[in-house]
Amino acid sequence: MADVIPYLDLAAQYRGIKSEIRAAMDRVLDTNAYILGPEVKAFEEAFAAAHDVRHAVAVNSGTSALHLALLALGVGPGDEVITTPFTFIATVAAIGYTGATPVFVDIDPESFTLDPSKIEAAITPKTKVIMPVHLYGQPADMDPILAVAERHGLHVVEDAAQAHLAEYKGRKVGSFGAIACFSFYPGKNLGAYGEGGAAVTNDDRYAATMRALRDWGQTERYRHAMKGYNYRMDGLQGAVLGVKMPHLDAWTEGRRRVAAAYREQFEPAGVALPKEMPYARHVYHVYAIRVADRAAAQRALQEAGIQTGIHYPIPVHLQEAWAELGYRRGDFPHAEQAADEVLSLPIYAELTDEQVARVASAVVAHTTPVRPGQVRADG
Ligand SMILES: *Cc1c(COP(=O)(O)O)cnc(C)c1O
């Protein structure tokens, strides 16, 4: 039998950069710069430049970045933050950490991102922030989101945890909202060798506040101007990310090459493939097709030696942890349908043409497609 094609292969990426990584880690270990330090600072500058923003504040996870972004904008108990229920739980957890209440708006079934036409109805006098998620690496439709935010005097925070180097109408994500947040969890498009994240902004005050908050609220040593957190990035993670940063463009191109090859096979076969919206440069953190009878499809692919994933099987409004919000099945039909149908295929720069062809033909052979927006008769 042919080798198994893993959903993700971080060892393959490491083989290509091993000597650079070892040298960078040695620099940290030889100088004891374990927390923040010059490697982290250099990475912050490179990451900000790559996204055409003035400041990047490196922290210990994407979740911490989201938490600090909301705090810097003054979000707290009694406030509401509008976001999508079809996301990783961390988006909503970060809102909860501030004491604010998450308010959900359904997705557009073609893009899997927040439906801008449904936001206005969810705004109340308590709304402070709209937090779109650039899910799977495709930017949310920012122009109408920014327009509704402006009409109501709201801030926008981009959850760009899955969208490093993605573009909306030719411009990199990261500066559409007041603040944008990225994750460097190992499996993300730019991954540390542990936890990591960053908040980016063009606003000097937000950047200064987040720098203080990540480091116990210190504005100078042992002077605590605000109640802060231990959210600093490790020196080793900064060194790893600094090595990886110059490769990110090529790795992103590699993901797009795989997506293009899948499209070539899937379009004629009628597979319900992900749509790259006309305004988007998708970076394919996740390549999710829609299938009928997903459990059977996933089993058949597993038997054909192809690992897949599900991002995400339960929308946040139906998670037990958030039952207190009082949502029920039927509240966000597009998010619920997506959660039932999506199936994520392997997508990374190290996949060979032969592997991509094997995945594609197995998908065509073993799955039954559904069409986005095709709402089931049983609702
Ligand atoms: C990964 C992720 C986060 C959280 O990032 P961590 O670094 O894991 O804390 C937040 N939002 C989305 C959409 C994510 O995919």
Side-chain angles (χ1 to χ4, degrees), residues 7-8 10 40 43 47 56-71 81-98 102 104-105 107 111-114 129-140 142 145 156-166 173-174 176-177 179-200 210 214 229-234 237-238 240-241 244 255 274 282-288 309-317 319 321-322 335 338-339 342 344 347-348:
Y7 179 67
L8 182 62
L10 291 175
V40 171
F43 167 66
F47 192 76
V57 180
V59 292
N60 62 348
S61 74
T63 311
S64 299
L66 289 166
H67 184 196
L68 295 192
L70 294 171
L71 292 177
V81 176
I82 290 175
T83 192
T84 161
F86 192 54
T87 183
F88 181 56
I89 196 79
T91 310
V92 182
I95 298 167
Y97 294 167
T98 68
F104 296 122
V105 165
I107 56 167
S111 66
F112 295 108
T113 57
L114 206 55
V129 168
I130 304 172
M131 193 148 87
V133 179
H134 303 323
L135 197 78
Y136 298 161
Q138 171 148 266
M142 293 308 293
I145 292 172
V156 172
V157 172
E158 301 169 65
D159 182 340
Q162 304 187 356
H164 319 72
L165 299 186
V173 299
F176 291 96
I179 303 173
C181 300
F182 293 84
S183 166
F184 308 122
Y185 180 81
K188 295 284 160 76
N189 285 21
L190 178 62
Y193 290 159
E195 305 278 357
V200 307
M210 293 190 290
R214 76 173 167 183
Y229 301 82
N230 180 356
Y231 279 178
R232 298 162 301 207
M233 178 178 275
D234 286 350
Q237 304 309 338
V240 167
L241 292 164
K244 287 190 171 197
R255 288 174 181 273
H282 200 315
V283 295
Y284 294 103
H285 172 60
V286 168
Y287 188 97
I310 299 172
H311 303 91
Y312 299 91
I314 305 172
V316 183
H317 71 284
Q319 293 284 358
W322 287 99
V342 289
S344 312
I347 189 159
Y348 40 93

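Counting convention: from 1, in listed order, for ligands and their atoms alike.
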What protein heavy atom sits nearest [atom], and how far off is it?
atom	answer
atom 1 (C) of ligand 1	Lys188 NZ, 1.5 Å
atom 11 (N) of ligand 1	Asp159 OD2, 2.8 Å
atom 8 (O) of ligand 1	Ser183 OG, 3.9 Å

Taking 4.0 angstrom as the limit and counting only heavy atoms of [X], give me the atoms of ligand 1 inside it, by number and element.
X	answer
Thr91	11 (N), 13 (C)
Gly196	7 (O)
Ala90	3 (C), 4 (C), 10 (C)
Thr87	13 (C)
Val133	13 (C)
Ser61	7 (O), 9 (O)
Ala161	2 (C), 3 (C), 10 (C), 11 (N), 12 (C), 14 (C), 15 (O)
Gly62	5 (O), 6 (P), 7 (O), 9 (O)

To the nearest 0.5 Å, what is the distance between NE2 (His282) and CD (Gln162)?
-> 9.5 Å
Of the non-hydrogen atoms in [X] and [Y], which two are nearest, and what is the gap between them?
X	Y	value
Asn189	His285	OD1-ND1, 2.9 Å
Val342	Tyr312	CG2-N, 4.3 Å
Val157	Pro132	O-CD, 3.2 Å

Tell me whether the centres of the aromatic rings in Tyr136 and His311 are closer together than 6.0 Å.
-> no
Are the ring centres of Phe88 and Tyr185 closer than 6.0 Å?
->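 For Phe88 and Tyr185, the ring centres are not under 6.0 Å apart.
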Can you check whether Gln162 has an N/O within less than 3.5 Å of an N/O in ligand 1?
->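 Yes; at least one N/O pair falls below 3.5 Å.
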Using a 4.0 Å heavy-atom threshold (strictly under), name the region of Thr63 that reaches ligand 1: side chain, backbone, both or neither.
->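 Looking at Thr63 and ligand 1, atoms from backbone and side chain both fall under 4.0 Å.
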Does any N or O in the side chain of Lys244 come within less than 3.5 Å of the main-chain N or O of Ala192, such that one atom is a donor and the other an acceptor?
->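 Not at all, since once roles are kept as given, no pair shorter than 3.5 Å links the two residues.
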Under 3.5 Å: donor-acceptor pair, side chain of Glu195, backbone of Ser61 | no
Quick one: sort the Phe47 and Phe43 rings into parallel, tilted or perpendicular, breaks at 30° and 60°.
->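 Aromatic pair Phe47/Phe43 classed tilted.
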